[in-house]
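As structure tokens, the structure follows; a few thoughts come after it.
Model, not experiment: these values are computed from the prediction.
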Amino acid sequence: MTTSVSPVATGFLRLPSIQKSQNSSFLFTHQRIPPKKSSLRPISASTSELPENVRTFWKWLGDQGVVSGKTAAEPAVVPEGLGLVARRDIGRNEVVLEIPKRLWISPETAAASKVGALCGGLKPWVSVALFLIREKYDEDSSWRVYLDVLPECTDSTIFWSEEELAELKGTQLLSTTLGVKEYLENEFSKLEQEILLPNKNMFPSGITLEDFIWAFGILRSRAFARLRGQELVLIPLADLINHNPEIKTGDDAYEIKGAGLFSRDLLFSLKSPVYVKAGGQVYIQYDVNKSNQELALDYGFVDSNPNRNSYTLTIGIPESDPFFGDKLDIAETNGMAETGYFDIVEGQSLPAGMLQYIRLVALGGSDAFLLESIFSNTIWGHLELPVSRTNEELICRVVRDACKSALSGFATTIEEDEKYLEEGKLDSRLELALKVRIGEKKVLQQIDKIFKDRELELDVLEYYQERRLKDLGLVGEQGEIIFWE
């Protein structure tokens, strides 16, 4: 192996990786909250089984003209906490409830509120968080009945104690969670200096970092995103809808539509993606593409589907690489960047472009001729196949070493974790931690096996020079050199 490649070999793969979602541009999605039998009733939900705050909330919705005796679902106590239960049989794709825009909470709501004048330069989610916190501490808030239904926390890992987070040792979920909390601390510090301290009179109860994290957690778990013309919206009542992994599609479960032919008002329309019998819980699919790490961070639960288990390999072109500029140009030309993030999913093949990118990053020594401008239009195609034994051996070694290093960061084995799970009677957060640990370790072992198997093939793989000689007709089908008299 050439010495010119060695510095690159030790620096281009970084594990474990903090998830990309740690970025400041968070995508707020939806919530997690529960079956309890419910019979067809008039307008009010069960007066004896529901907590008083939920009964008050339901009555308020009735007073607002949002629910009636014809409303298809109502709040109920369910295994997840609170959920929506069918008051009658509900057909597939039938509308379950509709909430008018005047009851939505969005950046627009915050801008029109008492804190509106302070929200001008804030990120949309921060303005909504500020609005929620101020209304929460205002006993006379017109949103009081809704705020009283919101939980003080969820099982999202951002609410875990240090002792609970210790159960995630070695996982990418832990590094992601700590990264998100650091991000929130920085955002709160900025908010405190620029808004809270200069306007103390607006916040007589004071606002703490814990308040800010609470508001973020509420938005992260309950807000609907990707709605027409809406970046981030809380929809009272609709946000009680829970996730069911058996439902495979999520995009068509809700929409924004006009209130009527002659009305400019908008309605949030929630539909059931499946048939639900009276008394059954109404569910949707939160997001078919989220990994278990993301589900744990956003909602505080994980899915049993192994396709939710993933691990992100972070591969970067080191600035110390003597060919840094050439490699970066090639990466950017082919839709990549200085750093590549590749999500490997349990039971699935490596992501498209990963082998090409990692071969590019590892290029050096006698293979560096491929970086010359004459190959600029063809190199990405060449990288689809092994370049040289040196290059292929290097990427196998680096990836396998990284996997072994990541696996060594766990305090337990998969077998030990599975034994703990089998014993049962676990705290919900410990159970979640065990499932995340098992999932990440399985994917790491899968990655290691892929590159171990590839190492065993190094002697039989066909490399660039052999392919080139064949193209020129200088090598036979059996690999023999062809001579002419």
> Is any side-chain heavy atom of Lys435 closer than 4.5 Å to a side-chain heavy atom of Glu431?
Replying inline: yes
>> Rounded to the nearest 0.5 Å, what separates atom CD in Glu135 from atom CG in Leu130?
In response: 10.0 Å
> So do the side chains of Ile344 and Pro351 get within less than 4.5 Å of each other, counting heavy atoms only?
Replying inline: yes
>> Strictly by salt bridge (Lys or Arg N to Asp or Glu O under 4.0 Å), give each pair with a member in residues 110-122 just once, sequence neighbours left out.
In response: Lys114-Asp138
>> Let me confirm one number: the OG-CD distance from Ser291 to Glu294, rounded to the nearest 0.5 Å.
In response: 3.5 Å
> Checking side chain to side chain contact (heavy atoms under 4.5 Å, CB included) for the pair Ile358/Val398: CA distance, chi angles, key distance, verdict?
Replying inline: CA-CA 10 Å; Ile358 198 170; Val398 171; 5.9 Å; no
> In terms of side-chain geometry, is the basic nitrogen of Glu423 or Lys419 positioned less than 4.0 Å from the acidic oxygen of its partner?
Replying inline: no
> Heavy atoms, side chains only, cut-off 4.5 Å: are Leu173 and Glu440 in contact?
Replying inline: yes
> Phe342 versus Leu350: any side-chain heavy-atom pair under 4.5 Å?
Replying inline: no
> Does Lys181 NZ have over 12 foreign heavy atoms under 6.0 Å away?
Replying inline: yes
> Centroid-to-centroid, Tyr137 to Trp143, below 6.0 Å?
Replying inline: no
>> Quick one, Ile438 with Leu421, criterion side chain to side chain contact (heavy atoms under 4.5 Å, CB included). Give me CA distance, side-chain angles, the key distance, then yes/no.
In response: CA-CA 10 Å; Ile438 291 170; Leu421 273 179; 3.6 Å; yes
> Do the side chain of Asp148 and the main chain of Asn53 share a donor and acceptor less than 3.5 angstrom apart?
Replying inline: no
>> Between Tyr146 and Asp239, do the side chains contain a donor N or O and an acceptor N or O under 3.5 Å apart?
In response: yes
> When you check the side-chain N and O atoms of Thr412 and Asp417, is any donor under 3.5 Å from an acceptor?
Replying inline: yes
> Do side-chain atoms of Ser272 reach the backbone of Val274 as a donor and acceptor pair under 3.5 angstrom?
Replying inline: yes
>> If I compare all heavy atoms of Val128 with all of Pro107, which pair ends up nearest, and what's the gap?
In response: CG2-N, 3.4 Å
> How far apart are the C-alpha atoms of Ile395 and Leu355, what are their side-chain angles, what is the distance that settles it, and do they pass the side chain to side chain contact (heavy atoms under 4.5 Å, CB included) test?
Replying inline: CA-CA 9 Å; Ile395 68 172; Leu355 283 176; 4.2 Å; yes
>> Applying side chain to side chain contact (heavy atoms under 4.5 Å, CB included) to Trp60 and Leu103, what does each step give before you reach the verdict?
In response: CA-CA 11 Å; Trp60 175 71; Leu103 292 186; 3.9 Å; yes
> Just by modelled atom types, is the Val67 backbone N or O under 3.5 Å from a matching donor or acceptor in the Lys70 side chain?
Replying inline: no
> Can you list every salt bridge (Lys or Arg N to Asp or Glu O under 4.0 Å) pair that touches residues 162-172, not counting sequence neighbours?
Replying inline: Glu164-Arg429, Glu167-Arg437
>> Rounded at 0.5 Å granularity, tell me how far OH in Tyr341 sits from CG in Leu313.
In response: 12.5 Å
>> Tell me the closest heavy-atom pair linking Val399 and Phe451, and the distance in Å.
In response: CG1-CD1, 3.5 Å
> Among Tyr183, Trp125, Phe203, which residue meets the ring-ring contact (aromatic ring centres under 6.0 Å, His included) test with Phe212?
Replying inline: Trp125
> Is Asp140 salt-bridged to Arg144, cutoff N-O under 4.0 Å?
Replying inline: no
>> So does Ile247 get a backbone contact from the side chain of Gln285, meaning a donor-acceptor N/O pair under 3.5 Å?
In response: yes
>> Contact between Arg222 and Leu150 at the side-chain level, heavy atoms closer than 4.5 Å - yes or no?
In response: yes
>> Using every non-hydrogen atom in the two residues, find where Val276 and Ala86 come nearest and quote the distance to one decimal.
In response: CG1-CB, 3.9 Å
>> Is it the case that the side chains of Asp211 and Thr208 hold a donor-acceptor pair, with the cut-off being a distance below 3.5 Å and no angle test?
In response: yes
>> For Ser106, is there any backbone N or O sitting under 3.5 Å from a side-chain donor or acceptor partner on Thr109?
In response: yes
> Would you say Thr171's side chain and Leu174's backbone share a donor-acceptor pair under 3.5 angstrom?
Replying inline: yes
>> If you define the side chain from C-beta out and look only at heavy atoms, does anything of Thr333 sit under 4.5 Å from Trp380?
In response: no
> So, for Ser156 and Asp298, which heavy atoms are closest and what is the spacing to 0.1 Å?
Replying inline: CB-O, 4.2 Å
>> Taking Cys153's backbone N and O only, do any of them form a donor-acceptor pair with Trp214's side chain (distance below 3.5 Å, no angle check)?
In response: no
> How many angstroms lie between NZ in Lys123 and CD in Glu187, if you round to the nearest 0.5 Å?
Replying inline: 3.5 Å
> So which heavy atom on Asn305 is nearest to which on Asn292, and how close?
Replying inline: O-ND2, 4.4 Å
> Given side chains that start at C-beta, do those of Ile195 and Cys119 come closer than 4.5 Å, heavy atoms only?
Replying inline: no
> Above 12 or not: heavy atoms from other molecules or residues under 6.0 Å from CZ of Arg102?
Replying inline: yes
>> As an exercise, state the distance from CG of Asn201 to CG of Asn199, rounded to the nearest 0.5 Å.
In response: 6.0 Å
>> Holding to side chain to side chain contact (heavy atoms under 4.5 Å, CB included), I want the full list of residues that pass it with Leu407, two or more places apart in sequence or in another chain.
In response: Lys441, Leu444, Gln445
> So, Tyr275 side chain and Asp89 main chain: donor-acceptor pair closer than 3.5 Å or not?
Replying inline: no
> Where does the angle between the aromatic ring planes of Phe224 and Phe268 fall among parallel (under 30°), tilted (30 to 60°) and perpendicular (over 60°)?
Replying inline: tilted
> Okay, side chain of Ser113, backbone of Ala110: is any donor-acceptor separation there less than 3.5 Å?
Replying inline: yes
> Hey, is Lys136 close enough to Glu152 for a salt bridge, meaning N to O under 4.0 Å?
Replying inline: yes
> Are any of the side-chain heavy atoms of Arg220 and Leu297 separated by less than 4.5 Å?
Replying inline: yes
> Roughly how far, to the nearest 0.5 Å, is CD1 of Ile99 from CG of Leu234?
Replying inline: 12.5 Å
> So which heavy atom on Leu82 is nearest to which on Val54, and how close?
Replying inline: CD1-CG2, 3.8 Å
